[in-house]
Amino acid sequence: MLEETFEHLRSMLVYDTVRKRGEFGLDPDMLRETITTFDPEISADRIGVLIYYLNRNFLGYSRLDPLMHDEKIEDITCNGADIPIFLYHRRFANVETNCSFDAVELNKYVLKLSQKADKQLSLTTPLIDAALPDGSRAQLTYSDIISSKGSSFTIRKFKADPMTPADLIASNTYSADLMAHIWLAVENRKSMIIAGGTASGKTSTMNAASFFIPSVAKIVSIEDTREIQLPHTNWLPMRTCESVANVSGMGSISMFSLLKAALRQRPEYIIVGEVRGEEAQTLFQAMNTGHTTYSTLHAGNVKEAINRLTHNPINVPIAMFGALNLILVQSLLYGEGKGFRRCLSLNEISVGDDSVGWQPLFSWDHKTDRFVKVYETSAVFDNIAYQNNWSQEQLEEKIAVRRRALEDMVASGRTAPADVETAILATIISEQKGG
């Protein structure tokens with residue numbers, strides 16, 4: 001009955017555009033009428049069950065719909081036909097499920113995911129990276145051209161609301177003192193790169209740090225797949241475009257092209273999702289021409305980050321590192337069978353005659369699970385004090401004000417984006433009135 005009704009409705013319905021959940025619905029009266037044409041004697045209870053499944057299959061994610069609603073699940077992975085689907089759960093780490101697809105089902109399902117993302121997946125384009133309507137990111141392969149096990153997919157889920165600085169402190173990923181230093185640095189337009197391994201929370205940290213950007217500052221963000229979520233109104237999000245010349249004649253637009261275009265728009269802040277190649281040189285060019293820039297980078301520590309940036313295929317000249325102020329290192333760690341994220345260090349960058357150096361400002365002590373302030377003097381924060389004509393005591397007080405504000409947010413449970421945005425603005429206004 002469900003299959004017959006589904007096929008009948010699919011022949012009737014036309015999707016004109018990809019829409020988010022809640023923006024499109026199936027008329028319950030129309031569904032009841034359609035179901036009863038196939039079985040006039042069906043009970044009202046069974047009609048309700050069928051309506052649930054029809055909505056789930058048309059508007060949701062079919063059998064995976066319950067998993068997509070679970071906010072504790074970060075990744076959903078299918079490695080091929082007749083293989084159990086695996087999850088990454090925030091509490092239980094990797095989990096094997098009792099759900100799997102056969103080969104025919106799996107081919108249909110990855111095609112459905114690509115259609116939801118408004119992308120083309122076929123034998124000629126068997127590998128795509130796409131953004132689903134709910135904001136999740138999907139990596140899809142079709143047939144056995146890429147993998148001998150057949151079609152596959154990985155869905156990386158993201159929270160509907162972005163992570164806030166208070167969220168990161170509440171989860172002990174950062175301390176209030178460390179986050180207060182980041183707040184002051186971002187507010188005073190210091191450029192920063194957030195480095196870390198896969199799933200270490202780099203983008204979440206960049207989203208959180210963006211709350212400290214002045215509310216009316218002009219921001220341009222550039223990504224391959226939309227992940228950055230900012231609370232600002234004066235924000236232009238841009239993303240790359242793969243070539244679909246065989247369909248509409250439109251060519252590819254690379255991150256390098258978007259970054260060059262962004263520089264012509266006079267942004268105060270430029271945020272790049274992740275640098276991997278030649279766009280990093282343009283990013284450093286932007287830093288050296290006075291634009292405040294933030295980006296993420298795959299690297300396990302500061303040394304690896306600098307090595308990646310200074311060698312193939314990125315090759316940023318050492319002289320350009322003078323405009324980079326901070327490198328933040330974050331990692332996904334495991335203990336007692338659970339995964340947790342920590343900021344390993346906050347480092348300021350210095351440039352010598354032929355080398356790039358760094359000085360740790362904060363480091364994470366794995367024995368005590370605490371963040372230790374390890375600097376006595378800092379070129380970055382001394383420069384902030386100089387720019388604002390602050391004494392050392394005034395600088396310390398500015399950091400303390402922000403630390404107390406962050407501690408109050410966490411203690412009161414006000415960690416939602418709107419609450420954090422209001423609290424940050426109130427802190428700045430209060431400080432200005434006090435000055």
ask   = Is any side-chain heavy atom of Glu274 closer than 4.5 Å to a side-chain heavy atom of Asp224?
value = no
Only one of Arg156, Arg91, Arg341 passes salt bridge (charged side-chain N to carboxylate O under 4.0 Å, His left out) with Glu74, and that residue is Arg341
*If the plane angle is over 60° it's perpendicular, under 30° parallel, otherwise tilted; pick one for Phe371 and Tyr174.*
parallel
Task: Parallel, tilted or perpendicular: rings of Tyr294 and Tyr269 (30°, 60°) - done: parallel
Exercise for review: Consider only side-chain N and O atoms of Ser152 and Thr141, and report whether a donor and an acceptor are under 3.5 Å apart.
Suggested key: yes
The residue among Thr292, Thr293, Asn325 that forms side-chain hydrogen bond (donor to acceptor under 3.5 Å, both in side chains) with Arg189 is Thr292
**Report entry** Between Asp177 and Ser175, a side-chain donor and acceptor under 3.5 Å
**Finding:** no
Checklist entry - Would you say Lys398 and Phe381 make side-chain contact, with heavy atoms under 4.5 Å? => result no
Under a 3.5 Å threshold, yes or no: a donor from one side chain and an acceptor from the other, between Ser430 and Thr427?
no
>> Can you confirm whether Asp118 sits close enough to Gln115 that some side-chain heavy atom of one is under 4.5 Å from a side-chain heavy atom of the other?
In response: no
Inspect the contact between Lys157 and Asp70 and indicate whether a charged nitrogen and a carboxylate oxygen are less than 4.0 angstrom apart. no
### Task
Decide whether Asp167 and Thr164 meet the rule of one side-chain donor and one side-chain acceptor closer than 3.5 Å.
yes
Checklist line | Validation row: Tyr88, Leu332 side chains within 4.5 angstrom (heavy atoms) | finding: yes
Open item on the list: Please determine whether a side-chain nitrogen of the Lys or Arg among Arg63 and Glu105 lies less than 4.0 Å from a carboxylate oxygen of the Asp or Glu.
Closed with: yes
Does Lys116 count as lying over the ring of Tyr61, i.e. NZ or CZ under 6.0 Å from the six-ring centre, within 45 degrees of the axis? yes
Rounding to 0.5 Å, atoms CZ (Arg137) and OG1 (Thr203) come to a distance of 7.5 Å
Does a salt bridge link Glu431 with Arg402, judged by any charged N lying under 4.0 Å from a carboxylate O? yes
Shortest non-hydrogen pair, Thr377 vs Gln359, comes out as O-NE2, 3.2 Å
Note: Ile270 and Ala286 closest approach over all heavy atoms is CD1-CB, 4.1 Å
Query - Glu348 side chain vs Val380 backbone, donor-acceptor pair below 3.5 Å - result: yes
